[in-house]
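Structure first, commentary second.
Everything numeric in this text was worked out from a predicted model, so none of it was measured.
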Amino acid sequence: MSASRLCEIAQIRVSSARAMRALSEHEPHVLGAVDAAARGEIAQGEAEDILASHLGARESCIASMRSFDTEWRELSRDVASLPAAESDELQALSRDFLALLSEIESSDARFAAELGERRRQASVEIARADTGHAAHRAYGPRSDSQPRFTDRKG
């Protein structure tokens, strides 16, 4: 009983990890949306929604993987006493799961670095634009007749 349940849980975890790895294939689209928002091609809110949707789907996969943690720990106490065939199946599933997690970890590191760099670039551009607006307000032509704080009198 415990061996079949362990294998069932392991299969669910492997399926969730595969789904999460498949989500990483959409990361270029997510980064493209961030870039498009930075260029003003789409609204910032739309890019944030795309990113939030992507991260929400990932959280769903993680929740699915973690939903059996307590049961897994309890059942895995008896793993040494499993028959060889059941133990081999469980080990194969565990190897698949660990390989998927390694791929996901590598993809996550790349995605986080790319997203971080894009956000850093965006903040630099925002600061540059803010500085430009402030300079224009201080030194640019004015339509009213009131002197600016930089205008000299007499």
Hey, mind stepping through L23 and C61 against side chain to side chain contact (heavy atoms under 4.5 Å, CB included) and telling me if it holds?
CA-CA 10 Å; L23 285 172; C61 291; 4.0 Å; yes
One pair to check against side chain to side chain contact (heavy atoms under 4.5 Å, CB included): E8 and F68. What are the steps and the verdict?
CA-CA 10 Å; E8 184 181 326; F68 300 99; over 6 Å; no
Which residues pass the salt bridge (charged side-chain N to carboxylate O under 4.0 Å, His left out) test with R66, not counting sequence neighbours?
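Scan of R66 (salt bridge (charged side-chain N to carboxylate O under 4.0 Å, His left out), adjacent residues dropped) gives D69.
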Distance check, rounded to the nearest 0.5 Å: R58 atom CZ versus S24 atom OG?
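Separation between the atoms: 8.0 Å.
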Nearest-0.5 Å distance, CG of residue L6 to OG of residue S87:
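Answer for the CG-OG pair, L6 versus S87, is 10.5 Å.
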Check: D49 and Q44 side chains under 4.5 Å, non-hydrogen atoms
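Heavy-atom side-chain distance check fails, nothing below 4.5 Å.
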Determine whether I12 and M65 make a side-chain contact, defined as any pair of heavy atoms from C-beta on separated by less than 4.5 Å.
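No, side chains not in contact.
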Grab the two heavy atoms, one from E117 and one from R120, that are nearest each other, plus how far apart they are.
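Scanning both residues, the minimum pair turns out to be OE2-NH2, 2.8 Å.
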Would you call R5-E71 a salt bridge at under 4.0 Å N-O?
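Yes, charged N to carboxylate O under 4.0 Å.
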Apply side chain to side chain contact (heavy atoms under 4.5 Å, CB included) to the pair S107 and R21, showing each step before the final yes or no.
CA-CA 8 Å; S107 174; R21 184 187 63 192; over 6 Å; no
Taking S106 for its side chain and E103 for its backbone only, find out whether a donor-acceptor pair lies under 3.5 Å.
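No, S106 side chain to E103 backbone: no donor-acceptor pair under 3.5 Å.
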Side chains of residues 89-101: which donor-acceptor partners sit under 3.5 Å, not counting sequence neighbours?
from : atom 1 : to  : atom 2 : distance (Å)
S94  : OG     : L90 : O      : 3.0

Linking I/L/V/M/F/W/Y whenever their side-chain heavy atoms sit closer than 4.5 Å, directly or via other members, would W72 and I62 fall into one cluster?
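Per the 4.5 Å side-chain linkage, W72 and I62 are not co-clustered.
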Are L115 and L55 connected in a single hydrophobic cluster, I mean Ile/Leu/Val/Met/Phe/Trp/Tyr linked by side-chain heavy atoms less than 4.5 Å apart?
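In one cluster with L55: L115, yes.
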Show me, pair by pair, the donor-acceptor contacts under 3.5 angstrom made by side chains of residues 28-40, not counting sequence neighbours?
from : atom 1 : to   : atom 2 : distance (Å)
D35  : OD1    : R118 : NE     : 2.6
D35  : OD2    : R118 : NE     : 3.1
D35  : OD2    : R118 : NH2    : 3.1
R39  : NE     : E41  : OE1    : 3.4
R39  : NE     : E41  : OE2    : 2.9
R39  : NH2    : E41  : OE1    : 3.0

Do the two ring centres, one from F111 and one from H54, sit under 6.0 Å apart?
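So the answer is yes for these two rings.
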